[in-house]
Amino acid sequence: MSHHVLVFDSGVGGLSVVAEIRKRLPGVHLSYAADDEFRPYGNKTENQLRRRLPGLLQTLVLMLNPDVVVVACNTASTIALEAIRDVIDIPVIGVVPAIKPAAESSRMGAIGVLGTPGTVKQKYVDALIADFAADCRVVLQGSTRLVVQAEQKLAGKDVDMDVIRAEVAPIFAGRTGMDIDAVVLACTHFPLLRDELKQAVRQSVQWIDSGEAIARRLEDVLKNISEAGAPPYPQTAFLIGPDTDPIRGQAFATYGFPRTIGLMRDE
Ligand code: DGL
């Protein structure tokens with residue numbers, strides 16, 4: 001398969017999804033777009049995101065002409081996926097927080113869901129818990145500071161372990177916390193901090209993200225559509241806003257985007 005897929009996130013988080021797509025579908029051409037200007041999404045209102053995202057994605061699709069868009073962001077997917085699909089006439093794949101596999105793999109029947117504040121308060125997440133984790137005790141935890149830490153890490157800066165510990169501690173603090181043996185990484189930035197998260201927690205925990213499931217879903221979708229051809233700007237990450245930091249550019253290169261181009265939006 002040599003389709004062209006646009007992967008979108010508020011920042012570098014979608015690179016955790018890119019890694020899984022490249023593993024499963026090495027022939028696919030990927031373009032990447034990061035909405036640095038408006039990040040973090042996790043502390044924005046639903047209205048703000050529903051106002052911004054459809055038009056932004058529509059512009060990117062017109063500019064890059066991909067076969068499929070992957071919204072590699074839990075916050076955008078849980079809040080604005082329908083609104084995005086309404087204005088785009090190619091398949092749009094979103095992220096579903098990995099609540100089902102976490103519930104299935106928890107031996108203690110206790111799971112954590114670690115997402116952005118915007119994601120963990122969504123009714124969609126409550127519905128996933130009701131459908132797939134009804135027998136589990138579930139602790140929800142929202143964090144924006146972990147998004148900042150993941151961005152710092154990929155910009156070559158030190159990760160602050162005190163922040164990592166402080167952000168995950170509430171999951172394990174209460175009565176249920178002692179039993180939690182699986183945590184859903186319900187933000188695509190968080191798999192980029194997997195080593196730090198493991199280090200920050202004493203008890204044995206599986207950290208479960210949706211990257212592989214998205215790659216599988218993408219494979220299914222691509223089977224049913226014809227290829228539109230190579231991207232106009234191969235192996236390129238488009239960074240919306242003024243952040244063209246060269247070290248961050250190197251991080252994109254390690255995920256297969258040796259060229260980063262800054263895009264300025266005139267609101
Ligand atoms: N990576 C995103 C997510 O999966 C958004 C993080 C943010 O911008 O707050 O939710």
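Values below: all heavy atoms of this structure, side chains included; hydrogens, waters and symmetry mates excluded.
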Crowding at CG, Asp220 (>12 non-hydrogen neighbours, <6.0 Å): yes
To the nearest 0.5 Å, what is the distance between OH on Tyr41 and OG1 on Thr116? 11.5 Å
Please determine whether the number of non-hydrogen atoms from other residues, nucleotides or ligands lying under 6.0 Å from atom CD of Glu212 exceeds 12. no
According to side-chain hydrogen bond (donor to acceptor under 3.5 Å, both in side chains), who are the partners of His4, at least two apart in sequence or on a separate chain? Ser31
For the residue pair Arg52 and Phe38, would you count it as a cation-pi contact if the rule is NZ or CZ under 6.0 angstrom from the ring centre and within 45 degrees of the ring axis? yes
Tell me, with the steps shown, if Asn43 and Thr144 meet side chain to side chain donor-acceptor pair (under 3.5 Å). CA-CA 7 Å; Asn43 64 5; Thr144 295; 4.9 Å; no
Any chance the rings of Tyr233 and Phe238 have centres within less than 6.0 Å? yes
Using side-chain heavy atoms (C-beta onward) and a distance below 4.5 Å, is Arg248 in contact with Asp36? yes
Answer yes when Asp126 and Lys123 have at least one side-chain N-carboxylate O distance shorter than 4.0 Å, and no when they do not. no
Is Arg145 close enough and on-axis enough to Phe190, meaning under 6.0 Å and within 45°, for cation-pi? no
Are Asp131 and Lys100 within salt-bridge range, i.e. N to O under 4.0 Å? no
Go through the structure and list residues passing side chain to side chain contact (heavy atoms under 4.5 Å, CB included) with Asn224, not counting sequence neighbours. none
Applying side chain to side chain contact (heavy atoms under 4.5 Å, CB included), name anything that partners Ser210, two or more places apart in sequence or on another chain. Val95, Ala98, Ile214
What is the distance from atom CD of Gln122 to atom CD of Glu46, rounded to the nearest 0.5 Å? 4.5 Å
Kindly indicate, with the supporting measurements, whether the criterion salt bridge (charged side-chain N to carboxylate O under 4.0 Å, His left out) is fulfilled by Glu219 and Arg216. CA-CA 5 Å; Glu219 184 174 36; Arg216 258 188 278 123; over 6 Å; no
